[in-house]
Amino acid sequence: MKNNLNNLDKPYNPKETEDKIYAIWEKSGFFNPDNLPKKPQTKKQKTFSIIMPPPNANGSLHIGHAIFVALQDIMIRYHRMKGDKTLWLPGADHAGFETQVVYDKKLEKEGRSRFQIPADQLRQEMWDFTQANKKTMENQLRKLGASCDWSREKFTLDKDIVEIVYQTFEKLKNDGLLYKGKRIVNWCVKHQTSLSEVEIKYQERKDPLYYIKYGPLELATVRLETKFGDTAVAINPKDKRYRKYVGEEIEIETVLGKSKIKVIADETVDINFGTGAIKVTPAHDPADFEIWQRHKDEMPEPKQVIDRFGKMNELAGPYQGLKIMEARKKIEEDMIKKGLLNYSKTDHHYKHNVATCYKCGTIIEPLILDNQWFVKMTEKPHSGGESLRDAAVKAVKSGKIKFIPKRFEKIFFHWMKNIKDWNISRQIVWGIKIPDENTTDVFDTWFSSGQWPFAVLLAQNRSSSKLKKNIFDYTTKDFEEFYPTDVMETAWDIIFFWVARMIMLGLYATGKAPFKCVYLHGLIRDKERQKMSKSKGNVIDPLGVIDIYGADALRMALVVGNAPGNDPIIYEEKIRGYRNFANKIWQASRFVLMNLDGFNPKAKPKLTLSDKKRLKEINKLKKEITKLIESFKFYAAAEKLYHYFWHIFADKIIESIKPRLRENNKKDRQAAQHLLLEILKTNLKLLHPFMPFITEEIWSKLPIKNKKLLMIEQWPKKPF
RNA sequence: GCGCGCUUAGCUCAGUGGUAGAGCAUCGCUUUUACACAGCGAGGGCCGGGGGUUCAAUCCCCUCAGCGCGCACCA
């Protein structure tokens with residue numbers, strides 16, 4: 001029998017194979033579940049679906065994306081081979097704030113600024129920018145071997161998706177789960193937008209804690225510069241020292257002169273901290289804002305003394321125009337001069353945590369903004385049912401949604417317990433405009449991506465006439481077939497940003513959990529355990545790696561030794577090791593093919609006792625691999641396959657069979673050939689989800705009648 | 001402050017209530033017609049410390065130490 005591998009280069013050359021193979025797959029149409037061979041009518045068609053976490057269309061794919069491709073493609077290819085109607089739906093995220101930040105930097109380099117460009121023009125520029133990135137990312141996904149259904153691909157700014165997002169917004173509004181108003185928000189003075197609770201990071205800082213005289217009282221504060229915005233002094237109602245002042249107006253002296261201020265009692269004031277008395281600055285402190293909300297009748301309206309750029313405004317008198325830290329220093333000096341500061345008491349080593357922007361590290365300036373939309377997390381909707389938070393917690397507690405690894409469920413519950421209402425207003429141009437006549441704000445990007453699993457399925461084949469129809473009275477074939485999806489596979493660091501929101505919004509909008517299982521992979525580190533980032537210069541470009549070692553090798557390196565939830569370490573030697581493995585597969589396959597002359601597939605093999613043992617052994621392997629994949633232990637399955645192929649099949653079986661291939665005993669030779677081919681075929685199938693390119697290429701060379709593509713061959717399960 | 005992890009061979013990581021595992025690296029030997037991106041062989045570990053449960057603990061419980069992470073936070 002003829003063989004082709006014989007003529008090829010000795011070391012396996014992935015470059016010559018991978019693009020060609022991907023083109024064959026894509027052309028076959030089998031990425032689309034509708035084109036897959038149907039099971040006999042007697043058997044019920046099972047489905048399997050994964051919605052791909054849509055990569056941000058503001059750059060190119062990094063090694064973290066390669067992990068999700070490797071893991072999800074394993075599941076997808078396994079289920080496809082098992083005969084399930086398998087859908088992997090790709091997409092891209094406009095990634096509102098993140099993309100705005102990236103684009104701001106680009107503009108900065110060009111000497112431009114988003115605040116000087118007309119909004120429409122900027123939006124068009126950013127649209128072109130993201131569309132170009134999206135194209136690049138699609139090709140990168142192809143390079144990685146992602147067997148996703150491109151015909152169903154969605155972008156978060158597609159018209160139909162936006163329409164669905166608006167309808168969910170309407171529903172939330174009608175259910176009383178939205179409120180808007182003048183609210184205090186986390187304001188980033190650099191990026192000029194408000195941020196949600198998960199978009200701020202606390203950083204420990206040392207700042208002086210000052211003690212200042214307030215009439216008959218003394219109080220402690222870090223923020224001298226906000227004192228012009230004080231609208232009350234608060235004490236604990238149980239504090240005997242100050243109880244007599246409650247309800248009184250006390251006369252105070254500041255650097256701006258004398259004035260009067262009300263003393264109020266609030267239980268949140270800690271008697272033991274500082275002096276037990278605090279200044280209340282509702283316009284610049286979230287906790288103080290809450291105090292004001294509780295004591296509106298006793299206090300004047302909040303007074304904003306810092307503007308959106310982090311500079312003192314006209315209410316700060318002579319300090320107007322100064323940045324916060326400059327103003328603080330100046331005020332400190334002036335207060336000392338005037339004897340308003342008990343300087344000897346100042347704690348210069350006061351450690352506290354300060355909220356900063358998670359992107360740029362700039363200290364967040366809490367500000368009161370108008371027309372801010374918030375989603376209520378802990379209140380019940382008017383139409384009945386549980387709060388967004390409670391429904392989500394229940395779904396996980398009841399096991400409707402499972403986390404892998406399970407420990408993340410605890411982290412999830414802990415966060416949900418402390419969850420705050422969600423500010424979904426962003427003051428940037430890049431995003432979905434909030435349907436509110438009084439604002440140009442856009443939605444927090446996670447408000448749309450939080451709806452992604454049901455939105456992309458409801459948006460399929462949605463004709464323009466149906467576009468307007470409310471999703472809550474409408475369904476699609478895809479939604480019926482594939483929702484809830486089977487697995488949401490993503491990185492653990494976006495549990496709160498994304499996973500929690502998908503669970504809450506999915507349950508709310510559809511009444512069903514958006515997925516049955518959340519598989520969380522870790523963040524890739526370098527050999528020094530540092531996170532990979534462009535600024536550190538330790539990033540690994542997946543395309544560069546693929547160019548040298550091949551996509552199969554990269555995928556294996558990312559899967560083996562990578563248990564869920566742990567942060568894997570990746571380095572070149574590891575990838576090289578799996579390149580070597582790919583070559584081992586290639587060489588062993590070459591050997592089998594080179595020794596097939598005279599092989600008759602129809603002849604009944606006369607197997608020896610040890611041959612039969614080997615077949616038993618491989619039956620056991622099939623079972624084990626299947627079980628490991630089903631239980632999400634991809635790292636173990638990959639390692640086992642590696643070990644079997646290399647150290648059992650290549651080192652032991654092939655070596656021991658060589659003499660039999662040379663002998664003239666035709667029957668025994670047939671048996672040996674039969675054994676080799678059977679084992680090779682089974683291994684290629686089992687390895688296919690992990691190393692799809694090389695296995696498909698070798699499969700194409702095997703002498704098999706009525707051969708299909710390996711990607712849709714039946715997953716091995718029946719014993720010989 | 002509340003909470004979650006991790007600690008196993010030089011490195012990266014699996015693992016199970018019953019005599020410790022893999023890959024890489026190391027050290028020998030081998031250029032044998034699938035493969036030197038290789039083969040054959042070898043060395044290497046009080047499974048972080050202490051205590052407990054058990055016939056038996058790397059595994060379960062307690063405790064200590066080191067490392068990492070999440071949440072919260074008051075001026």
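Every value quoted in this text rests on a predicted model; they were computed, and no experiment measured them. Every chain is numbered from 1 and lettered A, B, ... according to where its sequence line falls, protein lines coming before strand lines. Below, all heavy atoms of this structure are taken into account, side chains as well, without hydrogens, waters or symmetry copies.
Around CD of A:E204, the count of heavy atoms belonging to other residues, nucleotides or ligands within 6.0 Å exceeds 12. Residue A:H349 places its NE2 atom among 12 or fewer non-hydrogen atoms of other residues, nucleotides or ligands, all under 6.0 Å distant. Crowding of A:K345 atom NZ: a count of heavy atoms from other residues, nucleotides or ligands under 6.0 Å exceeding 12.
For A:E639, the side-chain atoms get nearest to B:A22 when compared with the rest of B:A34, B:A22, B:C74. Counting only heavy atoms from C-beta on, A:A650 has its side chain closest to B:A34 among B:A34, B:A22, B:C37. Comparing B:C2, B:C73, B:C37 by their nearest atom to the side chain of A:H414 picks out B:C2. Among the nucleotides B:C71, B:C37, B:C4, the one closest to any side-chain atom of A:N580 is B:C37.
Checking the phosphate oxygens (OP1, OP2) of B:G15, a side-chain nitrogen or oxygen of A:Y635 falls inside 4.0 Å. The phosphate of B:C73 has neither OP1 nor OP2 within less than 4.0 Å of any side-chain N or O from A:K351. Using a 4.0 Å cut-off, some side-chain N or O of A:W646 falls inside it from OP1 or OP2 of B:G39.
A donor N or O paired with an acceptor N or O is not found under 3.5 Å between the base of B:C71 and the side-chain atoms of A:N418. Scanning atom types as modelled, one donor and one acceptor separated by under 3.5 angstrom connect the side chain of A:K658 and the base of B:A34. You'll find a donor-acceptor pair under 3.5 Å spanning the side chain of A:K584 and the base of B:C35, going by distance alone.
Under a cutoff of 6.0 Å and an axis angle of 45°, A:K658 and A:F591 form a cation-pi pair. A cation-pi arrangement is found for A:K397 relative to A:F413, the charged atom lying closer than 6.0 Å to the ring centre and inside a 45° cone about the ring normal.
When heavy atoms are screened at a 4.0 angstrom cut-off, A:R407 is found touching the sugar-phosphate backbone but no base atom. At a threshold of 4.0 angstrom between heavy atoms, the contacts of A:D651 are confined to the sugar-phosphate backbone, with no base atom among them. Counting non-hydrogen atoms under 4.0 angstrom, A:A234 reaches nothing in the nucleic acid. Among the atoms of the strands shown, base atoms are found under 4.0 Å from some heavy atom of A:A588. Counting any heavy atom pair closer than 4.0 Å across all strands shown, A:H647 reaches sugar-phosphate atoms only and no base atom. A:K420 comes within 4.0 angstrom of sugar-phosphate atoms only, judged by non-hydrogen atoms across all strands, and of no base. Residue A:Y202 is classed as a base contact, given a heavy-atom separation below 4.0 Å to a base. At the heavy-atom level, A:D270 lies under 4.0 Å from base atoms of the strands shown. A:N566 comes within contact range of the sugar-phosphate backbone alone, with a heavy-atom separation under 4.0 Å but no base atom that close.
The distance between atom NE2 of A:H352 and atom C1' of B:C74, rounded to the nearest whole Å, is 11 Å. Rounded to an integer number of Å, the gap from CD1 of A:I540 to P of B:U12 is 15 Å. Look at CZ on A:F413: it is 13 Å from P on B:G5, rounded to the nearest Å. Atom-to-atom, CD1 of A:I569 to C1' of B:U7 comes out at 14 Å; the value is rounded to the nearest Å. In this structure, CG of A:N562 is placed 9 Å from P of B:C13, rounded to the nearest angstrom. One atom, CD of A:E655, and another, C1' of B:U32, lie 9 Å apart when rounded to the nearest Å. Nucleotide B:A38 holds its C1' atom 15 Å from the CZ atom of A:F581, rounded to whole Å. As a whole-Å value, the separation of A:F408 CZ from B:G70 P is 11 Å.
Salt bridge annotation for A:K262-A:E298: absent, with no cationic side-chain nitrogen under 4.0 angstrom from a carboxylate oxygen. Salt bridge annotation for A:D230-A:R223: absent, with no cationic side-chain nitrogen under 4.0 angstrom from a carboxylate oxygen.
One C1' atom belongs to B:G45, the other to B:G21, and the distance between them is 11 Å to the nearest Å. Between B:A22 and B:C64, the two C1' atoms lie 32 Å apart (nearest whole Å). Comparing the P positions of B:C60 and B:U8 gives an interatomic distance of 16 Å, to the nearest angstrom. The C1' atoms of B:G48 and B:G66 are separated by 8 Å, rounded to the nearest whole Å. Here, B:A20 and B:C24 have their P atoms 23 Å apart, quoted to the whole Å. With P as the reference atom, B:U19 and B:U26 are 32 Å apart, rounded to whole Å. B:G5 sits 25 Å from B:C11 when the P atoms are compared, rounded to a whole Å. Separating the P atom of B:G10 from that of B:G43 is a span of 15 Å, rounded to the nearest Å.
When Watson-Crick and G-U wobble pairs are counted only if both distances are under 3.5 Å, B:G18 pairs with B:C55. Across all strands shown, B:G48 forms a Watson-Crick or G-U wobble pair, both distances under 3.5 Å, with B:C64. For B:U32, there is no paired nucleotide, since no Watson-Crick or G-U wobble pair has both relevant distances below 3.5 Å. Here B:G70 sits opposite B:C2 as a Watson-Crick or G-U wobble pair (both hydrogen-bonding atom distances under 3.5 Å).
Place A:R576 and A:K652 on RNA chain B by their nearest nucleotides, and A:R576 ends up nearer the 5' end. Between A:V560 and A:K410, the one whose closest nucleotide on RNA chain B sits nearer the 5' end is A:K410.
Atom-to-atom distance recorded for A:D207:CG and A:T346:OG1 is 12.5 Å, nearest 0.5 angstrom.
A distance of 6.0 Å or more separates the ring centres of A:Y519 and A:F403.
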